[in-house]
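Naming: A, B, ... by sequence-line order, numbering from 1 per chain.
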Protein chains: 2
Amino acid sequence: MPETLARLAVRSQFWLMAGDESLAGPGRIELLRTIDETGSIRQAALRMGMSYRAAWDAVDAMNRRLGCDLVTRLTGGRSGGGARLTECGQRLIAAYARLEQDHQRHLARLSAKLQKLMG
Amino acid sequence: MPETLARLAVRSQFWLMAGDESLAGPGRIELLRTIDETGSIRQAALRMGMSYRAAWDAVDAMNRRLGCDLVTRLTGGRSGGGARLTECGQRLIAAYARLEQDHQRHLARLSAKLQKLMG
DNA sequence: AAGCGTTGTTCCGCAGTATATATAACGCAA
DNA sequence: TTGCGTTATATATACTGCGGAACAACGCTT
């Protein structure tokens with residue numbers, strides 16, 4: 001007999017913008033982290049369940065849109081090559097993590113306010 | 001000869017959740033406002049450049065997911081029928097506007113922090 | 001009784017996107 | 001020199017969401 005409203009909350013995510021172009025959101029940040037762990041675009045794509053091309057496109061777009069490379073790629077060599085996060089890339093994912101904490105706190109406040117407003 | 005980074009900023013939007021289902025985001029809120037102004041789902045869809053079906057689906061989903069109706073629909077009659085926002089719907093768009101202000105302020109802080117972190 | 005414009009509902013086609021496949025280039029190691 | 005696993009790139013294929021068309025129902029007005 002519920003004449004009660006469904007429980008209300010607020011969901012939100014954020015994206016880093018380079019100028020007016022989207023640089024990275026949650027997915028791309030996770031991709032950067034996974035590339036850092038695996039040392040390979042292909043392995044990162046595999047682990048995240050995405051196609052290699054999608055991962056490569058994402059990395060390429062990020063490198064182009066930001067002024068400096070986030071990921072350096074090496075072709076050939078003993079292990080076939082690989083990819084590594086630059087110092088700039090490390091800073092970006094660190095900065096994102098800091099912002100994410102702020103964002104979570106903000107979200108909790110928004111949800112509380114919403115419930116207060118809607119009774 | 002810019003070795004400078006592209007100007008960084010943060011973009012974000014939020015959605016109202018009913019339980020674990022998405023209730024409304026910016027687009028659906030604007031749809032509710034337009035329905036309120038035009039008194040018709042069809043006219044609102046037309047003005048917003050979306051298909052009637054998309055608008056109808058959105059209204060139906062919102063009504064089902066929240067405990068109470070946001071929009072009441074009338075079939076037939078002199079003008080063919082129409083749609084009106086309930087008091088519950090009015091409260092929701094009002095609440096969303098309040099949250100949006102908070103969110104904008106939050107976003108400005110996030111952007112400032114990002115620029116500080118990335119130099 | 002007929003007309004009108006809306007709500008309500010189904011179905012098909014299309015376009016844009018993502019995925020899969022294929023292939024070349026690379027450079028170190030054995 | 002051959003093999004390997006990766007980066008890099010082009011092409012073809014599959015998928016999925018969305019729009020548009022089509023049609024019934026409704027109820028007030030004339």
Side-chain angles (χ1 to χ4, degrees), chain A residues 11 13 15 21-66 68-86 88-90, chain B residues 13 15 21-66 68-86 88-89:
Chain A
R11 183 178 85 83
Q13 49 188 10
W15 295 264
E21 287 183 312
S22 176
L23 179 66
R28 284 185 172 179
I29 294 295
E30 187 184 349
L31 177 62
L32 290 179
R33 289 200 198 100
T34 313
I35 289 174
D36 194 32
E37 293 173 15
T38 60
S40 153
I41 294 178
R42 181 169 298 277
Q43 291 306 316
L46 193 64
R47 183 188 292 188
M48 289 187 61
M50 68 196 311
S51 67
Y52 170 74
R53 181 182 175 175
W56 187 91
D57 281 349
V59 168
D60 195 56
M62 286 188 278
N63 277 351
R64 277 187 291 101
R65 287 176 192 174
L66 192 61
C68 69
D69 281 0
L70 296 168
V71 175
T72 55
R73 296 107 118 194
L74 298 175
T75 302
R78 161 194 185 181
S79 62
R84 291 175 54 87
L85 247 62
T86 63
C88 187
Q90 303 280 2
Chain B
Q13 50 188 13
W15 296 264
E21 287 183 313
S22 176
L23 179 66
R28 285 185 172 180
I29 294 295
E30 187 184 350
L31 177 63
L32 291 180
R33 289 199 197 103
T34 312
I35 289 174
D36 195 31
E37 294 173 12
T38 61
S40 154
I41 294 178
R42 182 170 297 277
Q43 290 306 316
L46 194 63
R47 183 187 290 189
M48 289 186 61
M50 67 195 312
S51 68
Y52 171 74
R53 181 187 173 174
W56 187 91
D57 281 350
V59 168
D60 195 55
M62 286 188 280
N63 277 350
R64 277 188 290 101
R65 287 175 192 175
L66 192 62
C68 68
D69 281 0
L70 297 168
V71 175
T72 55
R73 296 106 119 193
L74 298 175
T75 301
R78 159 194 185 178
S79 62
R84 291 175 53 88
L85 246 63
T86 63
C88 188

Please report the distance, rounded to the nearest Å, between [atom1] in [X] and [atom2] in [N].
X: A:L46; N: C:dT19; atom1: CG; atom2: C1'; answer: 14 Å
X: B:Y52; N: D:dC18; atom1: OH; atom2: C1'; answer: 16 Å
X: A:W56; N: C:dT21; atom1: CH2; atom2: C1'; answer: 17 Å
X: A:R73; N: C:dG27; atom1: CZ; atom2: C1'; answer: 17 Å
X: B:I35; N: C:dT6; atom1: CD1; atom2: P; answer: 13 Å
X: B:D57; N: C:dT7; atom1: CG; atom2: P; answer: 13 Å
X: B:D60; N: C:dT7; atom1: CG; atom2: C1'; answer: 11 Å
X: A:R84; N: D:dT7; atom1: CZ; atom2: C1'; answer: 16 Å

Residue among A:I35, A:I29, A:D36 satisfying side-chain contact (heavy atoms from CB on, under 4.5 Å) with A:R33
A:I29
Compare the minimum distances between each of C:dG8, D:dC28, D:dA8 and the side chain of B:R78, then state the nucleotide with the smallest one.
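Side chain of B:R78 sits closest to D:dC28.
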Taking the side chain of B:S51 as its heavy atoms from C-beta onward, which of D:dT7, D:dA25, D:dG19 lies nearest to it?
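Output: D:dG19.
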Measuring from atom CD of A:Q90 to atom CG of A:L85, what distance do you get when rounded to the nearest 0.5 angstrom?
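The distance works out to 5.0 Å.
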Can you tell me how far apart CG (B:L46) and OG1 (B:T34) are? Round to the nearest 0.5 Å.
11.5 Å
Closest nucleotide of DNA chain C for A:A54 versus for B:A83: which of these residues is on the 5' side?
B:A83
Indicate, with a heavy-atom threshold strictly under 4.0 Å, whether B:G82 touches base, sugar-phosphate, or nothing.
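Here B:G82 touches the backbone only, sparing every base.
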What contact category does A:R42 fall into here, base, sugar-phosphate, or nothing, at under 4.0 angstrom with non-hydrogen atoms?
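Base, at least one base heavy atom under 4.0 Å.
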Considering heavy-atom distances to DNA chain D, does A:G77 or A:S40 have its closest nucleotide positioned more toward the 5' end?
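Closest to the 5' end, via its nearest nucleotide, is A:G77.
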So does A:R53 reach the base of C:dT21 with its side chain, donor to acceptor, closer than 3.5 Å?
no
B:R28 side chain to B:L23 backbone, donor-acceptor under 3.5 Å
yes
Are the side chain of B:N63 and the backbone N or O of B:L70 linked by a donor-acceptor pair below 3.5 Å?
yes
